[in-house]
Amino acid sequence: MMQNKLRKNLSRAILACMLVVLMAAQSVMTAKAVTLFESDDIYHEEGFIFIGESHSGVASHAVGIKADKTGNVLHLGENLDVYYEFQWDGSQGVTNTGLPNTFTMKGNLFFIFEGINPGVDDKLQTSQQYIYSDGNGKMGRGVEKIHEIIAVNPNIAHWNIISIHGAVSAAKGSREVADYYVDSYRNWIEYEFPEADCYFLSVATMTKYYKGTSDKKVFNNTLKDAFPDRFWDYTDFYSERYAQGRMVDTLHWDDDTYMDLVSDVILKAAQKRQEALGLQETGT
């Protein structure tokens, strides 16, 4: 019962935390966040890692609710079952106000974010340094966590890494910031995760959060130009749901939207993988 209550309150807590990034940061105290990535020791041909800011945190909760109702298995298509077990408690970390701040995931689907401690976790995960890689061993915390997930899950044969990061960075409307992401993502592909398939999703800059952004297209367009085969544009997806009133504030979406997004991305990544394997078999 306690776990169910925590699940119901998680989305609200995450949103409250992440919106603090728009306000003055409070002092850092002794509270901490802990994300734990475990293995289910089941062989999986494909694994999926989503990395982002508050979008990744809220998506982890939305998908967790769905998976909890289906025995921690998401049936997304023919021969495509995704295993996802999500737990939120205070076993190893709490917020400044004592709210549980420990997140444990296992299966072949993972979400990377920090936690819900306002003024602390949000500042870390919304920074552009979170996804940084210099291609020589120096990396941001988010990239470290991707490596951690891969290391503790040798039972997963192939990885698909999906970045939905950049919600705060895109609001700056800066080509320099967008280039920073391009440089880091290129190092993901060539140095950090050469055996994985990396994909980068568009940011939904049509929402009210970006009202003051002078150039709403520069972030997405820069990524699209740099990675035409790896950049997936979800502008129409978001625009349709924006018109339907599917937002819960100026930046975040309802649970169904995140579930739709994650499901569609996984299906698309799985299809791309099958196409690539088919080409290898034919020698083309």
Side-chain angles (χ1 to χ4, degrees), residues 35-39 44-53 55-57 59-60 105 108-114 123-170 172 174-203 218-234 262 265-266 268-277 279-280 284:
T35 48
L36 302 174
F37 309 112
E38 301 177 350
S39 173
H44 302 284
E45 290 187 3
E46 299 294 326
F48 304 91
I49 300 173
F50 286 77
I51 178 172
E53 298 143 289
H55 289 305
S56 186
S60 72
M105 286 165 264
N108 63 331
L109 172 62
F110 299 89
F111 294 88
I112 292 177
F113 57 99
E114 287 305 305
K123 289 183 66 177
L124 174 59
Q125 70 183 20
T126 58
S127 69
Q128 62 192 43
Q129 288 81 10
Y130 197 69
I131 56 89
Y132 177 71
S133 168
D134 70 349
N136 289 295
K138 186 176 181 180
M139 66 192 76
R141 185 165 178 175
V143 182
E144 290 177 348
K145 290 188 175 187
I146 298 177
H147 280 293
E148 178 186 342
I149 292 171
I150 294 174
V152 300
N153 284 277
N155 52 304
I156 298 178
H158 176 263
W159 289 97
N160 301 274
I161 302 168
I162 302 100
S163 179
I164 55 177
H165 203 276
V168 172
S169 294
K172 298 176 182 178
S174 165
R175 176 59 186 267
E176 181 180 2
V177 170
D179 285 340
Y180 179 99
Y181 275 76
V182 168
D183 292 341
S184 290
Y185 286 157
R186 185 169 287 116
N187 288 329
W188 283 24
I189 296 167
E190 298 176 358
Y191 175 79
E192 302 290 352
F193 316 109
E195 302 301 321
D197 290 330
C198 298
Y199 301 106
F200 316 110
L201 305 192
S202 63
V203 175
V218 65
F219 187 86
N220 289 334
N221 285 346
T222 302
L223 292 183
K224 181 179 180 179
D225 291 343
F227 309 108
D229 297 327
R230 297 175 182 268
F231 174 81
W232 291 348
D233 192 346
Y234 275 85
V262 170
V265 169
I266 290 175
K268 188 178 295 186
Q271 181 180 355
K272 289 287 187 181
R273 177 61 174 167
Q274 289 304 310
E275 291 173 355
L277 290 175
L279 290 176
Q280 290 178 11
T284 57

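These figures come from a predicted structure and were not determined experimentally.
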Q | Residues forming a salt bridge (charged side-chain N to carboxylate O under 4.0 Å, His left out) with K172, sequence neighbours excluded | A | none
**Q.** For E38, all residues meeting salt bridge (charged side-chain N to carboxylate O under 4.0 Å, His left out), sequence neighbours excluded
**A.**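 In terms of salt bridge (charged side-chain N to carboxylate O under 4.0 Å, His left out), with neighbours along the sequence ignored, E38 is linked to K106.
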Q) Under the ring-ring contact (aromatic ring centres under 6.0 Å, His included) test, which residues partner W159, sequence neighbours left out? A) none
Q.
Among residues at least two apart in sequence or on other chains, which ones pass ring-ring contact (aromatic ring centres under 6.0 Å, His included) with H158?
A.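 If we apply the ring-ring contact (aromatic ring centres under 6.0 Å, His included) test to H158, skipping adjacent residues, there are no hits.
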So how far is it from [X] [atom1] to [Y] [atom2], rounded to the nearest 0.5 Å?
| X | Y | atom1 | atom2 | value |
| --- | --- | --- | --- | --- |
| L109 | I149 | CG | CD1 | 9.5 Å |
| I49 | N153 | CD1 | CG | 8.0 Å |
| R273 | E45 | CZ | CD | 9.0 Å |
| F193 | I150 | CZ | CD1 | 5.5 Å |
| D229 | D197 | CG | CG | 11.5 Å |
| Y199 | I162 | OH | CD1 | 8.0 Å |

Keeping [X] on the side-chain end and [Y] on the backbone end, is there a donor-acceptor pair under 3.5 Å?
| X | Y | result |
| --- | --- | --- |
| N108 | E46 | yes |
| S184 | Y181 | no |
| W188 | V143 | no |
| E53 | V168 | yes |

Looking only at heavy atoms, what is the nearest atom pair of [X] and [Y], with distance?
| X | Y | answer |
| --- | --- | --- |
| T35 | K145 | OG1-NZ, 2.8 Å |
| I164 | G52 | CG1-CA, 3.8 Å |
| F113 | S60 | CE2-OG, 3.5 Å |
| V218 | S174 | CG1-N, 3.8 Å |
| A269 | N160 | CB-OD1, 3.9 Å |
| H165 | Q125 | NE2-O, 2.6 Å |

With sequence neighbours excluded, what pairs up with [X] under the side-chain contact (heavy atoms from CB on, under 4.5 Å) test?
| X | value |
| --- | --- |
| E275 | Q271, K272 |
| A178 | F219, T222 |
| Q129 | S127, Y180 |
| D134 | Y132, N136, K138 |

Contacts of [X] that satisfy side chain to side chain donor-acceptor pair (under 3.5 Å) - sequence neighbours left out:
| X | value |
| --- | --- |
| S56 | none |
| R186 | none |
| S163 | Y185 |
| N155 | S39, D40 |

Q) Any Lys/Arg nitrogen of R141 or E148 sitting under 4.0 Å from an Asp/Glu carboxylate oxygen of the other? A)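 So R141 does not pair with E148 through a salt bridge.
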Q.
Under 6.0 Å between ring centres: does that hold for F50 and F111?
A.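 Yes, close enough.
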(Q) Go through it in stages, so that I can follow the logic: the residues are I112 and F37, the test is side chain to side chain contact (heavy atoms under 4.5 Å, CB included), and I'd like the CA-CA distance, side-chain angles, deciding distance and then a yes or no. (A) CA-CA 9 Å; I112 292 177; F37 309 112; 4.3 Å; yes
(Q) Please determine whether side chain to side chain contact (heavy atoms under 4.5 Å, CB included) holds for the pair F231 and N220, giving the CA-CA distance in whole Å, both sets of side-chain angles, and the decisive distance to 0.1 Å. (A) CA-CA 9 Å; F231 174 81; N220 289 334; 4.0 Å; yes
